[in-house]
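Single-structure report; data block below.
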Amino acid sequence: MNQISDNKRQQAVNDRRTFIINELYGMGVFYTRDGRKVENCRLFTLEQVYINEKHRMAQIKEQQGEIMFIKSSI
């Protein structure tokens with residue numbers, strides 16, 4: 001039973017890695033800032049790179065005026 005759980009966990013990790021790598025490729029990111037290929041990184045590193053890249057892209061869009069934030073008048 002433990003082996004089944006381990007297999008499911010490993011499959012979930014592999015699925016998440018594949019998803020993030022494909023998303024990063026779609027964003028034009030093939031290497032980490034320290035020069036490693038994204039496909040050679042562990043899930044933890046990929047998560048960090050993905051979050052940072054999404055944040056960077058949102059900042060660029062905001063600067064270009066593509067994202068409008070509603071400011072409340074509280």
Side-chain angles (χ1 to χ4, degrees):
M1 186 165 161
N2 238 357
Q3 187 175 358
I4 294 172
S5 313
D6 290 343
N7 290 342
K8 284 185 177 183
R9 181 184 51 81
Q10 188 58 46
Q11 185 60 48
V13 168
N14 290 339
D15 290 347
R16 181 67 180 165
R17 281 188 79 251
T18 300
F19 171 79
I20 293 174
I21 289 170
N22 288 331
E23 289 290 309
L24 290 171
Y25 285 168
M27 295 175 186
V29 178
F30 301 94
Y31 295 91
T32 62
R33 289 187 178 176
D34 61 0
R36 292 179 287 166
K37 290 183 177 182
V38 294
E39 64 265 16
N40 295 336
C41 294
R42 292 175 162 255
L43 179 58
F44 180 80
T45 302
L46 290 172
E47 293 280 5
Q48 289 178 325
V49 171
Y50 182 56
I51 290 167
N52 290 338
E53 188 61 24
K54 284 178 66 174
H55 183 259
R56 188 184 70 78
M57 292 180 82
Q59 285 180 323
I60 290 170
K61 287 181 179 182
E62 181 181 0
Q63 289 171 354
Q64 294 173 346
E66 294 180 17
I67 297 177
M68 305 275 302
F69 291 102
I70 300 172
K71 295 181 180 178
S72 65
S73 57
I74 297 177

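Heavy-atom basis, side chains included; hydrogens, waters and symmetry copies ignored. Quick note: residue numbers are just sequence positions, from 1.
Atom CG of residue L24 and atom CZ of residue F19 lie 9.5 Å apart, to the nearest 0.5 angstrom. The line from CG of N14 to CG of L43 is 9.5 Å long, rounded to the nearest 0.5 Å.
In terms of hydrophobic clustering, with Ile, Leu, Val, Met, Phe, Trp and Tyr side chains grouped at heavy-atom distances under 4.5 Å, I60 and V29 are assigned to different clusters. Hydrophobic clustering, with ILVMFWY side chains joined whenever heavy atoms are under 4.5 angstrom apart, keeps M57 apart from I51.
Proximity of Y50 to E23: side-chain heavy atoms (C-beta onward) are separated by under 4.5 Å at one or more points.
Listed by chain and residue number, nothing satisfies the ring-ring contact (aromatic ring centres under 6.0 Å, His included) test with Y31 (two or more places apart in sequence, or in another chain). Here N7 pairs with Q3 under the side chain to side chain contact (heavy atoms under 4.5 Å, CB included) rule; sequence neighbours left out. The side chain to side chain contact (heavy atoms under 4.5 Å, CB included) search around R36 returns T32, D34, C41, T45, not counting sequence neighbours. For E47, the side chain to side chain donor-acceptor pair (under 3.5 Å) partners two or more places apart in sequence, or in a different chain, are R16. Residues passing the side chain to side chain contact (heavy atoms under 4.5 Å, CB included) test with K8 are I4, sequence neighbours excluded. Legend: residues meeting side chain to side chain contact (heavy atoms under 4.5 Å, CB included) with Q48, ordered by chain and number and at least two apart, are F44.
Looking at D15 and Q11, their side chains do bring a donor and an acceptor atom within 3.5 Å of each other.
Remark: the backbone N or O of V49 is not paired with any side-chain donor or acceptor of R33 at under 3.5 angstrom.
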(request) Would you check, one step at a time, whether the test side-chain contact (heavy atoms from CB on, under 4.5 Å) holds for Y25 with E39? (result) CA-CA 10 Å; Y25 285 168; E39 64 265 16; 2.6 Å; yes

(request) Check the pair K54 / M27 against side-chain contact (heavy atoms from CB on, under 4.5 Å), numbers first and verdict last. (result) CA-CA 9 Å; K54 284 178 66 174; M27 295 175 186; 3.6 Å; yes

